Amino acid sequence: MSDRPLDRRTALASAGIAVAAMGSAACSSGADAPRAATDGSIAEDVLTRVADVPIGGGVIVGDTVVTQPVAGSFLGLSATCTHLGCRVAAIADGLIACPCHGSRYHLDGSVAAGPAPRPLDTRAIRVDGDRILRA
């Protein structure tokens, strides 16, 4: 290390390089790429636990709705309403509700009420022991 103080130009250039490096790292985080688990294997994309999905109900996990219409039968659905693309917000009384314009969907994704023109899109999921994962 030098004992000479940094001039303003060098300090600003160094700060700019640091900010650019952080931005580059954030952009290349690889959100769609497989993640490495702590043991070096590929981490599985766990959505929720089987015990967290009530029979005759469901849970909303990010962009996915996981339902259990009957005991032991799990379905993955998109959390995006087919009317105008709002995010569904609640599951109650066996219905998935969109807060924007009143669309309601059955636990299989079919339209129950409202202006939704078609069922919720399906999402591939799988059960692995006590976990529900993206397929």
Side-chain angles (χ1 to χ4, degrees):
M1 298 248 326
S2 171
D3 289 335
R4 132 182 107 117
L6 290 177
D7 64 14
R8 183 170 184 235
R9 180 175 293 161
T10 303
L12 288 174
S14 297
I17 291 169
V19 169
M22 288 188 303
S24 175
C27 289
S28 65
S29 65
D32 294 331
R35 297 176 316 234
T38 55
D39 65 358
S41 64
I42 300 300
E44 296 175 287
D45 197 357
V46 177
L47 289 167
T48 190
R49 301 270 176 210
V50 167
D52 294 335
V53 184
I55 297 169
V59 295
I60 301 168
V61 184
D63 64 352
T64 303
V65 178
V66 178
T67 65
Q68 186 176 192
V70 296
S73 176
F74 297 91
L75 300 173
L77 304 165
S78 171
T80 302
C81 179
T82 60
H83 176 231
L84 291 177
C86 292
R87 177 85 29 141
V88 298
I91 304 171
D93 301 321
L95 296 173
I96 303 164
C98 178
C100 294
H101 301 104
S103 289
R104 302 282 182 267
Y105 300 89
H106 296 287
L107 297 177
D108 65 359
S110 63
V111 177
R118 60 185 174 77
L120 292 172
D121 293 331
T122 59
R123 297 286 168 118
I125 62 170
R126 66 185 176 90
V127 178
D128 181 21
D130 69 339
R131 305 173 305 163
I132 299 175
L133 303 100
R134 293 185 195 277

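The shown structure was predicted, so the numbers you read here are calculated from the model rather than taken from an experiment. Basis for what follows: all heavy atoms, side chains included, without hydrogens, waters or symmetry-related copies.
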Colleague: Do Thr67 side-chain atoms and Leu107 backbone N/O form a donor-acceptor pair below 3.5 Å?
Modeller: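 Side chain of Thr67 to backbone of Leu107: a pair is present.
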
Colleague: Would Val127 and Val50 count as a side-chain contact (heavy atoms from CB on, under 4.5 Å) here? Give the steps.
Modeller: CA-CA 8 Å; Val127 178; Val50 167; 3.9 Å; yes

Colleague: Of all residues at least two apart in sequence or in a different chain, which pass the side chain to side chain contact (heavy atoms under 4.5 Å, CB included) check with Val111?
Modeller: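 Expected list: Tyr105, Ala116.
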
Colleague: To the nearest 0.5 Å, how far apart are CZ in Arg49 and CD1 in Ile132?
Modeller: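 Between Arg49 CZ and Ile132 CD1, I get 10.0 Å after rounding to 0.5 Å.
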
Colleague: Of all heavy-atom pairs between Ala79 and Gly62, which one has the smallest distance, and what is that distance?
Modeller: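 So the minimum-distance heavy-atom pair works out to CB-O, 3.9 Å.
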
Colleague: Could I get the full list of side chain to side chain donor-acceptor pair (under 3.5 Å) partners for His106, not counting sequence neighbours?
Modeller: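 His106 satisfies side chain to side chain donor-acceptor pair (under 3.5 Å) with no residue once adjacent residues are dropped.
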
Colleague: Is there a side-chain contact between Asp45 and Leu133 in this structure, where contact means two heavy atoms from C-beta onward sitting under 4.5 Å apart?
Modeller: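 In short, these two side chains do not touch, never coming nearer than 4.5 Å.
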
Colleague: Please collect all ring-ring contact (aromatic ring centres under 6.0 Å, His included) contacts where either partner lies in residues 65-101, sequence neighbours excluded, each pair once.
Modeller: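 Sorted result for residues 65-101: His83-His101.
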
Colleague: Once salt bridge (charged side-chain N to carboxylate O under 4.0 Å, His left out) is applied, do any residues pair with Asp108, and if so which ones, sequence neighbours excluded?
Modeller: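 Scan of Asp108 (salt bridge (charged side-chain N to carboxylate O under 4.0 Å, His left out), adjacent residues dropped) gives none.
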
Colleague: Nearest heavy-atom pair of Gly76 and Ile125: which atoms, and what distance?
Modeller: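 Smallest interatomic distance, heavy atoms only, reads N-CD1, 3.4 Å.
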
Colleague: Indicate yes or no: at least one non-hydrogen side-chain atom of Ile60 is less than 4.5 angstrom from one of Ile91.
Modeller: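 Touching, per the 4.5 Å side-chain cut-off.
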
Colleague: Nearest 0.5 angstrom please: Ser110 OG to Leu120 CG, how far?
Modeller: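 Going from OG on Ser110 over to CG on Leu120, the span is 9.0 Å.
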
Colleague: Please tell me whether Cys86 and Cys98 are bridged, where bridged means their SG atoms are separated by under 2.5 Å.
Modeller: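 Taking the criterion (SG atoms under 2.5 Å apart), Cys86 and Cys98 fail it, so no.
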
Colleague: Can you list every salt bridge (Lys or Arg N to Asp or Glu O under 4.0 Å) pair that touches residues 83-102, not counting sequence neighbours?
Modeller: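 Passing the test, one end in residues 83-102: no pairs.
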
Colleague: Return the CG to CD1 distance between Leu77 and Ile96, rounded to the nearest 0.5 Å.
Modeller: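 If I round to the nearest 0.5 Å, the distance is 5.0 Å.
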
Colleague: Give me each pair satisfying salt bridge (Lys or Arg N to Asp or Glu O under 4.0 Å) with a member in residues 51-75, each pair once, sequence neighbours excluded.
Modeller: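 Of all non-adjacent pairs touching residues 51-75, those that pass salt bridge (Lys or Arg N to Asp or Glu O under 4.0 Å) are Asp63-Arg123, Asp63-Arg134.
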
Colleague: Considering all heavy atoms of both residues, which atom of Thr82 and which atom of Pro119 are nearest to each other, and what is their separation?
Modeller: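 In terms of heavy atoms, the two residues are closest at CG2-O, 3.1 Å.
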
